[in-house]
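Structure first, then comments.
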Amino acid sequence: MIYAYAMYKPNPVPKAAAIHDLSGFGRSSLTVVIPVLSTMGIQACPLPTAILSTHTSEFQDYHFVDFTDEMEAFIAHWKSLAINFDAVYSGFLGSARQVDIVKSFITAFRQENQIIVVDPVLGDDGETYDTITGDLVSQMTELVTMADVITPNVTEAALLLGEPANLPHEAFTTPMIKDWLKRLAECGPEIVIITSIPVIDQPKLSSVVAYDKTNDKFWQVQCTYIPAYFPGTGDIFTSVMTGSLLRGQSLPIALDRSVQFVTQAIRASFGHDYPRREGVLLEAVLDNLRAPIINTSYELF
Ligand code: PXL
């Protein structure tokens with residue numbers, strides 16, 4: 001019996017390699033990824049892609065330190081430690097060359113029972129972020145081929161597919177959304193999630209949609225559209241998604257939880273008069289991640 005117990009090695013805290021930038025101020029990337037994953041009982045192991053004084057949205061003159069040349073040395077050390085990651089989760093990349101580094105990271109640390117989550121951080125609201133080059137966009141289309149789960153927003157989905165990034169609301173018919181989801185899944189990922197989809201004739205709603213390729217099922221969760229842009233909400237969304245999937249939740253429950261949490265975070269922040277560029281008041285709502293899901297609103301579509 002004692003022998004049998006000694007053979008059993010449960011993994012009480014799953015590990016996620018978190019490949020994102022560290023922006024010192026403004027609540028995005030690692031400053032939201034780490035607290036969200038930790039609160040969900042996941043160990044976040046950061047591999048920084050760049051270090052910035054602030055994120056790049058609505059801040060000028062930020063200081064940007066590209067970490068490309070350091071990443072390989074970090075990875076070599078991690079390889080020598082033979083670390084096993086239950087998830088590899090990448091987000092904002094600081095240069096096009098980093099895509100190759102992340103690809104070889106995934107190859108080197110691949111193991112069974114692991115999820116590779118790629119959040120192809122490129123832009124929002126029809127525009128690319130300040131530091132995103134055309135090269136990085138085309139390289140990102142290659143990185144998504146190695147992922148199990150991708151979580152572009154609607155602008156990033158358009159960029160990955162070579163579609164116009166600023167389509168009118170009326171363009172987002174169900175067949176068109178399904179076509180985008182399927183085309184992205186054909187690139188490789190088993191699960192494709194697109195956030196911030198406009199809902200035709202419902203300006204007060206926004207929707208998050210997902211395609212589960214193995215089971216050929218489409219899911220959606222609708223939420224109230226709040227007319228304010230907060231940076232970092234995409235990073236929070238994908239972090240909750242990653243945490244939920246690592247905790248064994250189903251795709252629609254994970255979607256629901258992520259949408260609910262981001263909505264709570266935006267609602268907790270929207271009523272306050274403070275600069276939006278500082279991101280949502282994550283610290284005020286983080287504990288909600290420990291609460292059980294009570295109401296779900298996901299549906300097949
Ligand atoms: O939240 C996405 C993101 C991540 N990292 C940096 C950013 C942004 C969005 O503006 O600037 C550095």
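Values reported hereafter were calculated over all heavy atoms of this structure, with side chains retained and with hydrogens, waters and symmetry mates removed.
- Taking the side chain as every heavy atom from C-beta outward, Asp100 and Ser104 never approach each other to under 4.5 Å.
- In this structure, NZ in Lys204 is found 14.0 Å from CG in Asp201, a value given to the nearest 0.5 Å.
- When only modelled atom types and interatomic distance are considered, Tyr89 and Ser239 share a side-chain donor-acceptor pair under 3.5 Å.
- In terms of hydrophobic clustering, with Ile, Leu, Val, Met, Phe, Trp and Tyr side chains grouped at heavy-atom distances under 4.5 Å, Phe261 and Leu205 are assigned to different clusters.
- Panel note: side chain Gln98, backbone Thr49; a donor-acceptor pair is recorded below 3.5 Å.
- A donor-acceptor pair is defined here as one N or O able to donate and one able to accept, closer than 3.5 Å; no such pair exists between the side chain of His20 and the backbone of Thr31.
- Heavy atoms of other residues, nucleotides or ligands lying less than 6.0 angstrom from CG of Asn113 number 12 at most.
- Side-chain N or O atoms of Thr155 include one that pairs as donor or acceptor with a backbone N or O of Asp125 at under 3.5 Å.
- Side-chain N or O atoms of Thr107 include one that pairs as donor or acceptor with a backbone N or O of Lys103 at under 3.5 Å.
- Residues Arg277 and Phe230 fail the side-chain proximity criterion, which asks for heavy atoms closer than 4.5 Å.
- The minimum heavy-atom distance between Ala16 and Leu37, with the atom names listed, is CB-CD1, 4.2 Å.
- For Asp86 (side chain) and Lys15 (main-chain N/O), a donor-acceptor pair under 3.5 Å exists by modelled atom type.
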_Could you walk me through whether Val149 and Ile116 satisfy the side-chain contact (heavy atoms from CB on, under 4.5 Å) test, starting with their C-alpha distance in whole Å, then the side-chain angles of each, then the deciding distance to 0.1 Å, before giving a yes or no?_
CA-CA 6 Å; Val149 182; Ile116 310 290; over 6 Å; no

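- Atom CD1 of Ile253 and atom CZ of Arg247 lie 16.0 Å apart (nearest 0.5 Å).
- By the 4.5 Å heavy-atom criterion applied to side chains, Val199 and Ser207 are counted as neighbours.
- Separation of atoms CG (Leu143) and CD1 (Ile19) is listed at 8.5 Å; rounding is to 0.5 Å.
- Side-chain polar atoms of Asp119 and Thr151 form a donor-acceptor pair below 3.5 angstrom.
- Considering only heavy atoms from C-beta on, Glu163 comes within 4.5 Å of Arg183 through its side chain.
- Inter-residue side-chain proximity for Gln222 and Val259 is flagged as unmet; no heavy-atom pair is nearer than 4.5 Å.
- Under 3.5 Å, the side chains of Thr133 and Asp135 contain no donor-acceptor pair of N or O atoms.
- Within a 6.0 Å radius of CG in Asn215, other residues, nucleotides and ligands contribute more than 12 heavy atoms.
- In this structure, Tyr62 is a member of the same hydrophobic cluster as Tyr229, with clusters built from ILVMFWY side-chain heavy atoms closer than 4.5 Å.
- Considering every non-hydrogen atom in both Val285 and Ala268, the closest pair reads CG1-CB, 3.6 Å.
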*Are Phe74 and Phe67 close enough, and set up right, to give a ring pair (Phe, Tyr, Trp, His ring centres under 6.0 Å), and what steps lead you there?*
CA-CA 10 Å; Phe74 275 47; Phe67 227 54; 5.6 Å; yes

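- You'll find the side chain of Leu281 reaches within 4.5 Å of the side chain of Arg27, heavy atoms only.
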*Give the C-alpha distance, both sets of side-chain angles, the deciding distance and a yes or no for side-chain contact (heavy atoms from CB on, under 4.5 Å) between Leu184 and Leu160.*
CA-CA 8 Å; Leu184 286 169; Leu160 293 174; 3.9 Å; yes

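- In this structure, the side chain of Glu278 does not engage the main chain of Pro275 through any donor-acceptor pair within 3.5 Å.
- Grouping the Ile, Leu, Val, Met, Phe, Trp and Tyr side chains by contacts below 4.5 angstrom, directly or via other members, places Leu167 apart from Tyr225.
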*Can Gln260 and Asp256 be said to form a side-chain hydrogen bond (donor to acceptor under 3.5 Å, both in side chains), step by step?*
CA-CA 6 Å; Gln260 281 183 26; Asp256 223 309; 3.1 Å; yes

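- Remark: Glu156 CD to Ile132 CD1 distance equals 8.5 Å, nearest 0.5 Å.
- The CD1 atom of Ile226 sits 6.5 Å away from the OG1 atom of Thr224 when rounded to the nearest 0.5 Å.
- At distances below 3.5 Å, not a single donor-acceptor pair connects side-chain atoms of Lys213 with backbone N or O atoms of Lys182.
- Two residues are said to be in side-chain contact when any heavy atoms from C-beta on lie closer than 4.5 Å; Leu93 and Met140 meet this criterion.
- Note that the OG atom of Ser53 and the NE2 atom of His63 stand 7.5 Å from one another [nearest 0.5 Å].
- Aromatic pair Tyr129/Phe92: ring centres not closer than 6.0 Å.
- Between Tyr211 and Trp219, the ring centre distance reaches or exceeds 6.0 Å.
- Proximity of a side-chain donor or acceptor of Asp124 to a complementary backbone N or O of Asn153 within less than 3.5 Å is not detected.
- Salt bridge absent: Arg97 and Asp66 never bring a charged side-chain N and a carboxylate O closer than 4.0 Å.
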*Does the side-chain contact (heavy atoms from CB on, under 4.5 Å) test come out yes or no for Val209 and Phe218, once each step is laid out?*
CA-CA 7 Å; Val209 295; Phe218 295 91; over 6 Å; no

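- In summary, the side chains of Thr68 and Ser95 do present a donor paired with an acceptor at a separation below 3.5 Å, with no hydrogens or angles considered.
- In the hydrophobic clustering of this structure, Met176 does not group with Ile200; members are Ile, Leu, Val, Met, Phe, Trp, Tyr whose side-chain heavy atoms approach within less than 4.5 Å, directly or through other members.
- Side-chain N or O atoms of Glu142 include none that pairs as donor or acceptor with a backbone N or O of Val99 at under 3.5 Å.
- Paired with Phe237 under the rule side-chain contact (heavy atoms from CB on, under 4.5 Å), one option of Val36, Thr195, Val32 passes, and it is Thr195.
- Following chains of ILVMFWY side-chain contacts shorter than 4.5 Å, one cannot reach Val117 starting from Val13, and the two form parts of different hydrophobic clusters.
- Between Trp78 and Phe85, the ring-plane angle classifies as tilted under the 30° and 60° cut-offs.
- Using a distance-only test at 3.5 Å, with no hydrogens or angles considered, a donor-acceptor pair links the side chain of His55 to the main chain of Ser57.
- Residue Ile115 comes nearest to Thr242 through the heavy atom pair CD1-O, 4.4 Å, listed as atom of the first residue, atom of the second, then distance.
- Both tests hold for Lys178 against Phe301: distance to the six-membered ring centre under 6.0 Å, angle to the ring axis within 45°.
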*asked:* side-chain contact (heavy atoms from CB on, under 4.5 Å), that's the test. Do Asp21 and Leu52 meet it? Break it down for me.
replied: CA-CA 7 Å; Asp21 70 280; Leu52 295 88; 3.6 Å; yes

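- Taking the side chain as every heavy atom from C-beta outward, Arg276 and Phe270 approach each other to under 4.5 Å.
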